Amino acid sequence: MPKSPDDVIRDEIRALSPYRVHDASGLIKLDAMENPFDLPLALRKEIGDLVRDAAINRYPDSGAAQLKARLRETMNIAADSEILLGNGSDELIQILALAVAKPGAVLLGVEPSFAMFGLIAVYAGLQYRPVELNRDFSLDVEQTLAAIDEVQPALVIIAYPNNPTGNLFDADALAQIIRAAPGLVVIDEAYYAFADSSFLPRLNEFPNLSLMRTLSKLGLAGLRLGFLVGRPGLVAQLEKLRLPYNVNVLTQIVAERVLRETVLLAAQAGAIKRERRRLFGALQSFPGVKAFPSSGNFILFCVSHADAVFEGLKQRGVLIKNLNGVHRLLPGCLRVTVGTPQHNRAFMRALSESLEAA
Ligand SMILES: *Cc1c(COP(=O)(O)O)cnc(C)c1O
């Protein structure tokens, strides 16, 4: 008699709920921090040509030399740092977690933050230790240092800017935490393009620090490309855990081409930052809405009757993210991605109606 899956699958995996993605068909999609702008037609045609001629019968270049050289140039990555590529930065978190997963090893994160940190800890068999942020979403340095002292985490991951709260943590507070951590520290800069601060120029100050970025929020979410920048000694170990062909042929070719468009990418990020300012102003002007300033391409805001407002928006054709009930510090909170000016106007109209109806 063969065993049932439930007999062989780990208890902590069976206890997980599936990662739920809302069906967005027919809706204005402002739930997942995607870049709303199309690439210019001429560039899309060029990409079409590149894809047509790509050697998809061959395995990809495992080292992805050209793409890494392009990343190094566009992101100003220092020659003494190495780059590790992932199928999205989610995969890089998984590689890091697997690498440190000795029995009893701990991944420490702050909360509320990106849910994948805690989930991937479970996948890899790590203990997950969340430390709550202050009520204003700043780092609780005292509690974080105490937790570091207590659990001696093998890995600390902190998003900068943070998702879903949108804020940049105080750089000195973060530096204090990096210095106190006995193991690896990774700063996840998924939203670097919309923020005015980065730890990339400071990597060499901290021997245990690595940095992660992704192209997902920049307009290439469908390609799945993330990268980690770190010390050669660490990256060499992590490379052993990377599946040999994790970044496919088409992603390598298209990402390399689009990354050359530095002016275009900066202009799109600039437009999103301008729209963010307008959207924030509009949200703040609503009675009963508390909006939080953001350094990402999204805004967290809180209302009473959040579930009804979320459903009302959906009925009016706009999908955002409902965070009501996911964390003690996020009661009544919703998160909207900054869209095109038209998207944002449609969202504000739908929000106004939904607030009235709720
Ligand atoms: C969106 C997001 C990611 C995931 O990026 P992918 O490269 O698409 O896997 C990682 N970290 C944070 C904080 C995010 O918000």
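Since the model is a prediction, treat every value here as computed from it, not as a measurement. Indexing begins at 1, ligand by ligand and atom by atom, following the structure's order.
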If we set the cut-off at 4.0 Å for heavy atoms, which region of [X] has an atom near ligand 1: side chain, backbone, both, or neither?
| X | result |
| --- | --- |
| S89 | both |
| M33 | neither |
| D90 | both |

So for atom CZ, which belongs to R328, do other residues, nucleotides or ligands contribute more than 12 heavy atoms lying within a distance under 6.0 Å? no

So do N167 and P293 actually touch side chain to side chain, heavy atoms under 4.5 Å? no

Would you call N162 and F114 a side-chain contact if the rule is heavy atoms closer than 4.5 Å? no

Numbering the atoms of ligand 1 from 1, which are under 4.0 Å from a heavy atom of K217? 1 (C), 2 (C), 3 (C), 4 (C), 5 (O), 14 (C), 15 (O)

Near S216, which atoms of ligand 1 are under 4.0 Å from a heavy atom of that residue? 6 (P), 7 (O), 8 (O)

In the protein, which heavy atom is nearest to atom 13 (C) of ligand 1, and how far is it? D188 OD2, 3.3 Å

Would you mind checking which non-hydrogen protein atom is closest to atom 9 (O) of ligand 1, with the distance to 0.1 Å? R224 NH2, 2.9 Å

Face-on cation placement of K290 at F292 ring, 6.0 Å and 45° thresholds: yes

Are Y160 and F169 an aromatic pair, judged by ring center distance below 6.0 Å? no

Are F310 and H22 close enough that their ring centers fall under 6.0 Å? yes

Touching ligand 1 at all, M212? Heavy atoms, strictly under 4.0 Å? no

Could you establish whether G226 and ligand 1 come within less than 4.0 Å of each other, counting only heavy atoms on the residue side? no

Donor-acceptor pair, S62 side chain versus P244 backbone, under 3.5 Å? yes

Looking only at non-hydrogen atoms, the one of Y160, F114, Y191 nearest atom 15 (O) of ligand 1 is Y191

